[in-house]
Amino acid sequence: MRWRSSFREAVRSLRAAGWTVWLPAAVLGAWLLAMPVYLAAVYYAFVWQNPDLIVVDYSFFHHAARRFVHNPLGLYADPEYLYPPPAVLAFIPTTWVPLRVGYVMAGPMIAAQIALAAWGGLRLWERERGRALPSAVRWALVIVALGSGPAFQNLRYAQVNVLMLLTALAFLALVQRERPGWGALALTAGFWLKLLPLALLPLGLSRRWPRLAMGTVAGLVLVPLALLPVVPLELYREYFFERLPTFSGITDVGPMANSIQASLTRLTVPESALVRGLKLPATATASAAAGLVGVTVLAAAV
C-alpha cells in the first residue's frame, strides 16, 4: 500500500540523516505529545483557578493594550512594560477576550507560529544550499523545534518572541530573493516589536544596499509617521528618552535569564536574589563583555 511505502521511505531518509536527527526527533516528539497535557494541567489550570494572577508575559500585553485603548498616553503607566510604542498595536487583539481565555488561546497560535518559523528556516537553508531535504527529515526537524526548551518557554509564558523571529526570517528570505528593501521593511516590523531584530540588518548590505537603506528608512521613519494618528509622538519621546535609558542597564538575575549581562551579574549577587529573580543593574564587567560581543558579531556580519 502507498502509506507503507511512504513510511519505509521516511525511515530510510531518517536513517540516512543520522542519529543526530532521528534521536532528538523521537525524544522530543514524545515530549511534544505530553506537552499540551502538562501545560493544561499545570499552567492553564492554575491560571483558571486564580483569575487575579499576573500571567507573565501575557498580562503585560493585555493590560498595556487595555491602557492604550482607554488612553494612548497611559501606555507606559506600568514601569515593567518595556516594548516600543507601535508594538501595542499587535497586542490589541488580546483585549477582545478575557485575560485567562486569551492566555489559553495563545498556546495553539504560538505553536503554529513556531512550526511556521521552523519550516521557513529550513526552506531558507535548502535554497541557500541548492538542495532539498527529504520530507521526513524536514518534519523531524520541525518536531525538534516544537519540542525544544525555547518553544516551551514561549508557550507557557505566551511570549511574543516567535513573531519577532518570523520578521527576521522574512527579512532573510526577501534578501535571499534580491528584495532587500521589502526585507528591511519586514525587519523594522520586528524592531518595533522588540528592538533586537535590527542587528541582522548588516546581512543585507551586499544585496542592493540602496534599496535596503530605503526600506530601513521607510520602516523606522515613515511607518511611525503614518501611525501618528493612532500612536502619539509623545510615546516615542517617553520610550526612547525615559524608559529605554532606565531599563537598558538593568538585568534579570533569575535563573531563566541567560544573557551575558545576566550570567555575569548573577555571579556577584547572593542566592536570595537569584531565587526571587530580582532585576538589578548589570555590573560594569558584564555590560562591557556584552558590548564587546555585540560589536564583534556586527563587525563580522558587515
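Heavy atoms from other residues, nucleotides or ligands lying under 6.0 Å from CH2 of Trp119 number more than 12. Heavy-atom contacts from other residues, nucleotides or ligands closer than 6.0 Å to CZ of Arg179 number 12 or fewer.
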Atom pairs and distances, donor-acceptor, side-chain atoms in residues 287-302, under 3.5 Å, two or more places apart:
residue: Ser287; atom: OG; partner: Thr283; partner atom: O; Å: 3.2
residue: Thr296; atom: OG1; partner: Leu292; partner atom: O; Å: 2.7

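Separation of atoms CD (Gln261) and CD1 (Ile250) is listed at 11.0 Å; rounding is to 0.5 Å. Rounded to the nearest 0.5 angstrom, Trp209 CH2 and Met214 CE are separated by 10.0 Å. For the atom pair CG of Leu172 and CZ of Arg127, the computed distance is 12.5 Å after rounding to the nearest 0.5 Å. Separation of atoms CH2 (Trp125) and CZ (Arg138) is listed at 10.5 Å; rounding is to 0.5 Å. Going from atom CG of Leu222 over to atom OG1 of Thr188 covers 10.0 Å, rounded to the nearest 0.5 Å. To the nearest 0.5 Å, atoms CG (Leu187) and CG (Leu174) are separated by 10.5 Å.
Tyr43 and Arg156 form a side-chain donor-acceptor contact under 3.5 Å, judged by distance and modelled atom types alone. Remark: the Gln159 side chain and the Gln153 side chain contain no N/O donor-acceptor pair separated by less than 3.5 Å.
No continuous path of ILVMFWY side-chain contacts below 4.5 Å connects Leu267 to Val269, so the two sit in separate hydrophobic clusters. Hydrophobic clustering (ILVMFWY, side-chain heavy atoms < 4.5 Å, transitive): Leu28 and Leu32 are in one cluster. Cluster membership for Leu146 and Tyr157, using ILVMFWY side-chain heavy atoms within less than 4.5 angstrom, is not shared. Residues Tyr38 and Leu33 do not share a hydrophobic cluster, clusters being chains of Ile/Leu/Val/Met/Phe/Trp/Tyr side chains in contact below 4.5 Å. Criterion: ILVMFWY side-chain heavy atoms under 4.5 Å apart, direct or through other members. Under it, Leu75 and Leu228 are part of a common hydrophobic cluster.
The closest side-chain heavy-atom distance from Pro24 to Val27 is not below 4.5 Å. For the pair Leu166 and Gln113, the minimum side-chain heavy-atom distance is below 4.5 Å. For the pair Pro84 and Leu193, the minimum side-chain heavy-atom distance is 4.5 Å or more. Taking 4.5 Å as the limit, every side-chain heavy atom of Pro224 sits out of range of all side-chain heavy atoms of Val231. Side-chain contact check for Pro36 versus Leu39: every heavy-atom pair is 4.5 Å or farther apart. Counting heavy atoms from C-beta on, the side chains of Thr251 and Ser259 come closer than 4.5 Å. Leu198 is listed as a side-chain neighbour of Leu220, based on a closest heavy-atom distance under 4.5 Å. Looking at Pro86 and Leu227, their side chains come closer than 4.5 Å, going by heavy atoms from C-beta outward.
Side-chain atoms of Ser263 never come within 3.5 Å of backbone atoms of Ile260 as a donor-acceptor pair (strictly under, hydrogens ignored). A donor-acceptor pair is defined here as one N or O able to donate and one able to accept, closer than 3.5 Å; such a pair exists between the side chain of Gln176 and the backbone of Leu124. Side chain of Glu126 to main chain of Leu133: a donor-acceptor pair is present (N/O by atom type, distance under 3.5 Å, no hydrogens or angles). Distance alone, capped at 3.5 Å, is enough to place a donor-acceptor pair between the Thr268 side chain and the Thr265 backbone. No side-chain donor-acceptor contact under 3.5 Å links Arg66 to the backbone of His62.
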Between Val162 and Leu116, is the side chain to side chain contact (heavy atoms under 4.5 Å, CB included) condition met? List the steps. CA-CA 10 Å; Val162 187; Leu116 177 61; over 6 Å; no
Val88 and Tyr76: side chain to side chain contact (heavy atoms under 4.5 Å, CB included), yes or no, with the steps? CA-CA 11 Å; Val88 72; Tyr76 292 111; over 6 Å; no
Working note: Val160 + Asp57, criterion side chain to side chain contact (heavy atoms under 4.5 Å, CB included); need CA distance, chi angles, decisive distance, verdict. CA-CA 8 Å; Val160 74; Asp57 294 346; over 6 Å; no
Would Val42 and Phe46 satisfy side chain to side chain contact (heavy atoms under 4.5 Å, CB included), going step by step from the backbone distance to the final call? CA-CA 6 Å; Val42 177; Phe46 184 71; over 6 Å; no
The test is ring-ring contact (aromatic ring centres under 6.0 Å, His included); show your working for Trp31 and Phe152 and say whether it passes. CA-CA 10 Å; Trp31 159 238; Phe152 178 66; 5.6 Å; yes
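Scanning both residues, Gly121 and Leu169, for their nearest heavy atoms gives CA-CD2, 4.0 Å. Nearest approach of Leu155 to Gly107, heavy atoms of both residues: CD2-O, 3.2 Å. Closest approach of Pro79 and Leu82 over heavy atoms only: O-CD2, 3.6 Å. In terms of heavy atoms, Leu201 sits closest to Ala184 at CD1-CB, 4.3 Å. Closest heavy-atom contact between Pro180 and Val175: CA-CG2, 4.1 Å. Ala158 and Phe61 get closest at one heavy-atom pair: O-CE1, 3.3 Å.
Aromatic ring orientation, Tyr81 versus Tyr83: tilted (interplanar angle from 30° to 60°). Ring planes of Phe247 and Tyr239: tilted class, angle from 30 to 60°. A parallel orientation is assigned to the rings of Phe240 and Phe191, their planes being inclined by less than 30° (bins at 30° and 60°).
Side-chain rings of Phe91 and Phe68 stay apart, their centers remaining 6.0 Å or farther from each other. Taking the six-membered ring for Trp, Tyr103 and Trp48 have ring centres at least 6.0 Å apart.
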